[in-house]
J.: 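Structure provided below as structure tokens; questions to follow.
Chain letters run A, B, ... following the sequence lines, proteins first, then strands; residues in each count from 1.
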Number of protein chains: 2
Amino acid sequence: MPSSLIDTLRQIVGATHVLADGDLSAWEQDWRRRARGKALAVVRPASTAEVAAVVKACAAHGTALVPQGGNTGLAVGSIPDASGTQVVLSLTRMNAVRNVDADNLTMTVEAGCILQNLQDTAEKAGLLFPLSLAAEGSCTIGGNLATNAGGTQVVRYGNTRDLCLGLEVVTPQGEVWSGLKGLRKDNTGYDLRDLFIGSEGTLGIITATTMKLYPRPAASLTAWAAVPSMAHAVQLLALAHGHLGASLTGFEVMGRFALSLVNKHMPQLRVPFIDQDEVPYGVLLENSDSESEEHARARFEALLETAFNAGCVVDAVVAENLAQAHQLWHIRENIPLAQAEEGLNIKHDISVPISRIPAFVEHADALLQREIPGVRLVNFGHLGDGNLHYNVQAPAEGDAKAFLRDQEERVNHLVYEAVAAFGGSFSAEHGVGALKVDKLQQYQSPVALAMMRSIKGALDPQGLMNPQCLLPVAADRSAA
Amino acid sequence: MPSSLIDTLRQIVGATHVLADGDLSAWEQDWRRRARGKALAVVRPASTAEVAAVVKACAAHGTALVPQGGNTGLAVGSIPDASGTQVVLSLTRMNAVRNVDADNLTMTVEAGCILQNLQDTAEKAGLLFPLSLAAEGSCTIGGNLATNAGGTQVVRYGNTRDLCLGLEVVTPQGEVWSGLKGLRKDNTGYDLRDLFIGSEGTLGIITATTMKLYPRPAASLTAWAAVPSMAHAVQLLALAHGHLGASLTGFEVMGRFALSLVNKHMPQLRVPFIDQDEVPYGVLLENSDSESEEHARARFEALLETAFNAGCVVDAVVAENLAQAHQLWHIRENIPLAQAEEGLNIKHDISVPISRIPAFVEHADALLQREIPGVRLVNFGHLGDGNLHYNVQAPAEGDAKAFLRDQEERVNHLVYEAVAAFGGSFSAEHGVGALKVDKLQQYQSPVALAMMRSIKGALDPQGLMNPQCLLPVAADRSAA
């Protein structure tokens, strides 16, 4: 049966676009090298019709499909399981920009388009596509949609979900739903678009999308503020919302230890205020102005003056030019790399209501330091969205590998229990994938899980779409 | 059985809150008096637990439920059918503000809260809840969510969907899903929130919600521009986006005939530029500034100067004070009343991609005037969202009642076919209700409809939730 399926797939997409031999590690291994699967084949269709035919063929053979974009996800959501029975459906050949409609402030692109290409396409049209995240040079918009990716502009523009006006989807039955009208108001039935967004390939294959575009700001300025506590950072956020309104396009917080790692491993980046011992947090603010750089600077200065007087900023610098702004952002972006330089660590992508973040951090810091002496906390993230990357670095002395092996489960348990106690989420912007399916069962409401399972069963009754992710079908399925 | 159900309902909510006799027209008749149903009873629970118990009791009896908020919908979506077998579940007693969290920019309110109370609650906290529409003094947030209501601030803040961070829902099985965490990022499974939003009470009962709040602008200014064509109005919109960015909070277009009706029936409102024959459209713009009124005025003047020079505005006035601004908005808001004064008319709530609106209007105007001589077109709406209320007034001479009786179906057909040809939607912000179920079958994609029916069947297998709306169960059901 598999070989006849592979023959069929070759007929659909052409023999060169069905990979069944040789080194398939680019498709079988996840980005963080946490897991490695084995594919029956990698299929690379070039059109929606080919995707539909592939899905139909796999459905007829009862073969599971794993859709894959740039394979940059952090939750092991786009690789096959170890059974060697699953087909990886790679969307990267579907990378056309179908249409840019400047007057409608939309563009329609195929799922395999690299995120950076969307940004560039918008820029060429004199417009802005604001989704921005670390993997933008290699992740695809289809993957961004499937995981409802977040990033650094969410405080102003929302998550990927909020930027999407419509989808084209191939259903688990191989039918094509075309929902690419590009309308800002359309109340004609259930919101299928948002159901597919964030469903991580478990309900169907996103093949194209119509995304919102925005006017480009006349100027964007970046500031770095030294703040005396997380509570002051939250206070600064409220002041920034009030002073800048929708011009506040970035608000990132970085803990002192996270910054010290950048300072240690990348001293050339010159972390501001790192020598001031009384500064436990730095905040990166971005102000995007529709008028002029001069106006943006005046507004930024008014904000920072108010913040000084309120005592929630002890020192601050506004980038003088684009190079300085990039340098400040570079520090923020290099925290994960500096962490890796320092050694093994345990990552969390959590969210908590913004108002509760100071209490959460105080509680979690104390808890971890009490329970695991010597542990080091690399806390940074998108405070404007209540989203922290609350990462735990092995103690400076001792065997980091052993620490991870012995403590990872316990650290996760402590952190996720604290997050739950503060009304938060164990996965803010990275999704569930195959990595966190047990956490989903543990922390998602049973009533919600029951509804999700009903929906999965209704739309994908064969259970063939990315079956090991989100809500896995019975674990022994792939061995059947 | 019904009397034993009513006894049970009385035990749950108290006898005074089960209405089964007397004049129930406030709950049985729709807002526009297009339809009148007959309820088995009207039940008015005071808590989520009571709603859950009511739903369970009705499910056990196989009795259908029609959730109702302010009953101000325009698509006959919140009244019972004529069978006398359905229970109306009125949420208006559930009107508590549970929580305002200023630092998280959220508030949690019960479904029966009047929209205006949400606006007032936000204002008291020094914040803004931007949803604003004609019925705000009597519609409820639960109804706004169930229909994904739009209104006049969508160009900046989006539809009700975009303002919602979470829901509490009673499922058709009478279980409570609590999704009120108030997180801006939470990727832990399918997006149930957006599935319930816009589902018009057919998947469960929304009992509470956590909504986003925004900083209040320092100043809001209103301008009225006379534009020489719909294409110029679209050009003005692009200029306004570029100049004002997210400060553009309103962009309404009004056709000359619509304005002439206001001028005729409410001459005291003094419609600007109504004597200038060469002005086919007026545009109302709102500019909400985070800095100051002075700054808002300077930005508005820069925009209008650019627009004059580009030829897309022939005359304009910026309101000098709040009273003048209200007066300009008053003209816009009174178009429906002026229409009613003029006589019977056929209403449409359509959307088309903004870029195609000029061609659509030219096509539809010519088509209708050719097919139905003497017809008068009252065209106005939210151009910033591509949403027009493209209404058709009976010819000035002749019998308007006969016109409606003889022509309504034909007019609808002509308009909706034109909308479909231009890639638009037959229901932009009013929903489907019971009024437009045939249009949904006709114009929604069959693949989408099949998925919607699967979801309805999965979540409400008994088919008891608002069964005559959106995707009706077999028409003979209520007679069974």
Side-chain angles (χ1 to χ4, degrees), chain A residues 101 103-104 147-148 150 159 162 171 175-178 181-192 194-195 197-199 215 217 234 238 241-246 290-291 351 353-355 385-387 423 425-429 431-432 440 444-445 447-448 451-452 454-455 457-459 470, chain B residues 101 103-104 147-148 150 159 162 171 175-178 181-192 194-195 197-199 215 217 234 238 241-246 290 299 351 353-355 385-387 423 425-429 431-432 440 444-445 447-448 451-452 454-455 457-459 470:
Chain A
D101 184 343
D103 276 339
N104 198 41
T147 58
N148 187 28
N159 297 289
D162 305 290
T171 71
E175 302 202 76
V176 180
W177 168 50
S178 179
K181 288 180 172 177
L183 303 173
R184 274 151 216 279
K185 286 181 173 170
D186 182 14
N187 278 328
T188 53
Y190 302 145
D191 182 10
L192 300 174
D194 283 306
L195 186 60
I197 296 174
S199 68
V234 170
H241 276 305
H243 274 71
L244 305 179
S290 60
E291 185 174 343
S351 60
I354 296 165
S355 51
D385 326 317
N387 175 199
S425 166
F426 69 87
S427 185
E429 59 176 5
V432 174
L440 187 68
Q444 183 56 279
S445 123
V447 179
M451 287 194 278
M452 291 177 192
S454 292
I455 292 165
L459 296 186
L470 259 190
Chain B
D101 184 343
D103 275 340
N104 198 41
T147 58
N148 187 27
N159 297 288
D162 304 290
T171 71
E175 301 204 76
V176 180
W177 167 51
S178 180
K181 287 181 173 176
L183 303 174
R184 274 150 215 280
K185 286 182 174 169
D186 182 15
N187 278 328
T188 53
Y190 301 146
D191 181 10
L192 300 175
D194 283 306
L195 186 60
I197 296 174
S199 68
V234 170
H241 276 305
H243 274 70
L244 305 179
S290 60
R299 295 304 294 154
S351 60
I354 296 165
S355 51
D385 326 317
N387 174 200
S425 167
F426 69 88
S427 185
E429 58 176 6
V432 173
L440 187 69
Q444 183 56 279
S445 124
V447 178
M451 287 193 278
M452 291 177 193
S454 291
I455 292 165
L459 297 185
L470 259 192

J.: Tell me, for B:Glu429 versus chain A, whether the close heavy atoms (under 4.5 Å) come from the side chain, the backbone, both or neither.
T.: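 Both backbone and side chain of B:Glu429 come within 4.5 Å of chain A.
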J.: Could you measure the distance from the OG atom of B:Ser199 to the CE atom of B:Met452? Nearest 0.5 Å is fine.
T.: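 Answer rounded to 0.5 Å: 11.0 Å.
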J.: Looking at B:Ala458, B:Ser425, B:Ala428, which has the largest count of heavy-atom pairs under 4.5 Å with chain A?
T.: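 Max contact count across the listed options: B:Ala428.
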J.: Look up atom OG1 in A:Thr188 and atom CG in B:Leu440, then write down how far apart they are to the nearest 0.5 Å.
T.: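 CG of B:Leu440 is found 6.5 Å from OG1 of A:Thr188.
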J.: Can you tell which of B:Ile197, B:Val432, B:Asp385 has the highest number of heavy-atom pairs within less than 4.5 Å of chain A?
T.: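 Ranked by heavy-atom pairs under 4.5 Å with chain A, first place is B:Asp385.
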J.: If you count heavy-atom pairs under 4.5 Å between each of B:Leu183, B:Asp103, B:Leu470 and chain A, which one has the most?
T.: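 Ranked by heavy-atom pairs under 4.5 Å with chain A, first place is B:Leu183.
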J.: Check whether B:Ser351 gets within reach of chain A through its side chain, its backbone, both or neither, counting any heavy atom under 4.5 Å.
T.: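 Both parts, heavy atoms under 4.5 Å.
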J.: Heavy-atom pairs under 4.5 Å with chain B are the metric here; pick the option from A:Gly245, A:Ser355, A:Gly182 that has the most.
T.: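 Ranked by contacts with chain B, first place is A:Ser355.
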J.: So for B:Ser427, is it side chain, backbone, both, or neither that comes closer than 4.5 Å to the heavy atoms of chain A?
T.: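 Contact with chain A is through both the backbone and side chain of B:Ser427.
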J.: Of the backbone (N, CA, C, O) and the side chain (C-beta and beyond), which part of B:Ala238 lies under 4.5 Å from a heavy atom of chain A, both, or neither?
T.: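 It is the side chain, since no backbone atom gets that close.
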J.: Under 3.5 Å, is there a donor-acceptor pair between the B:Asn148 and B:Asn159 side chains?
T.: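 No, because no side-chain N or O of B:Asn148 sits under 3.5 Å from a partner of the opposite role on B:Asn159.
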J.: So which atom in B:Pro353 and which in A:Lys181 form the shortest heavy-atom distance, rounded to 0.1 Å?
T.: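 Where B:Pro353 meets A:Lys181 most closely, the heavy atoms are CG-O, 3.6 Å.
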J.: Can you say whether B:His243 sits under 4.5 Å from chain A via the side chain, the backbone, both, or neither, judging by heavy atoms?
T.: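 Backbone only.
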J.: Go through it in stages, so that I can follow the logic: the residues are A:Val176 and B:Val447, the test is side chain to side chain contact (heavy atoms under 4.5 Å, CB included), and I'd like the CA-CA distance, side-chain angles, deciding distance and then a yes or no.
T.: CA-CA 7 Å; A:Val176 180; B:Val447 178; over 6 Å; no
J.: List the steps and the verdict of side chain to side chain contact (heavy atoms under 4.5 Å, CB included) for A:Asn387 and B:Arg184.
T.: CA-CA 8 Å; A:Asn387 175 199; B:Arg184 274 150 215 280; over 6 Å; no
J.: Which heavy-atom pair separates A:Pro215 from B:Gly242 by the least distance, and what is that distance?
T.: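 That closest heavy-atom pairing would be CB-CA, 4.1 Å.
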J.: Relative to chain A, which of B:Gly189, B:Gly386, B:Ser178 shows the most heavy atom pairs under 4.5 Å?
T.: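 Of B:Gly189, B:Gly386, B:Ser178, B:Gly189 has the most heavy-atom pairs under 4.5 Å with chain A.
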J.: For each of A:Ala246, A:Ser290, A:Gly457, tally heavy-atom pairs with chain B at distances under 4.5 Å, and name the one with the top tally.
T.: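 Most pairs with chain B among the choices: A:Ser290.
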J.: Under a 4.5 Å heavy-atom cut-off, does chain B meet the side chain of A:Asp186, its backbone, both or neither?
T.: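 Both parts, backbone and side chain.
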J.: State the CG-CG distance between A:Leu195 and B:Leu192, to the nearest 0.5 angstrom.
T.: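 These two atoms lie 8.0 Å from each other.
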J.: Nearest 0.5 Å, please: how far is CD1 in B:Ile455 from CD1 in A:Ile455?
T.: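 Between atom CD1 of A:Ile455 and atom CD1 of B:Ile455 there are 6.0 Å.
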J.: For each of A:Pro217, A:Ala448, A:Gly150, tally heavy-atom pairs with chain B at distances under 4.5 Å, and name the one with the top tally.
T.: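 The option with the most such pairs is A:Ala448.
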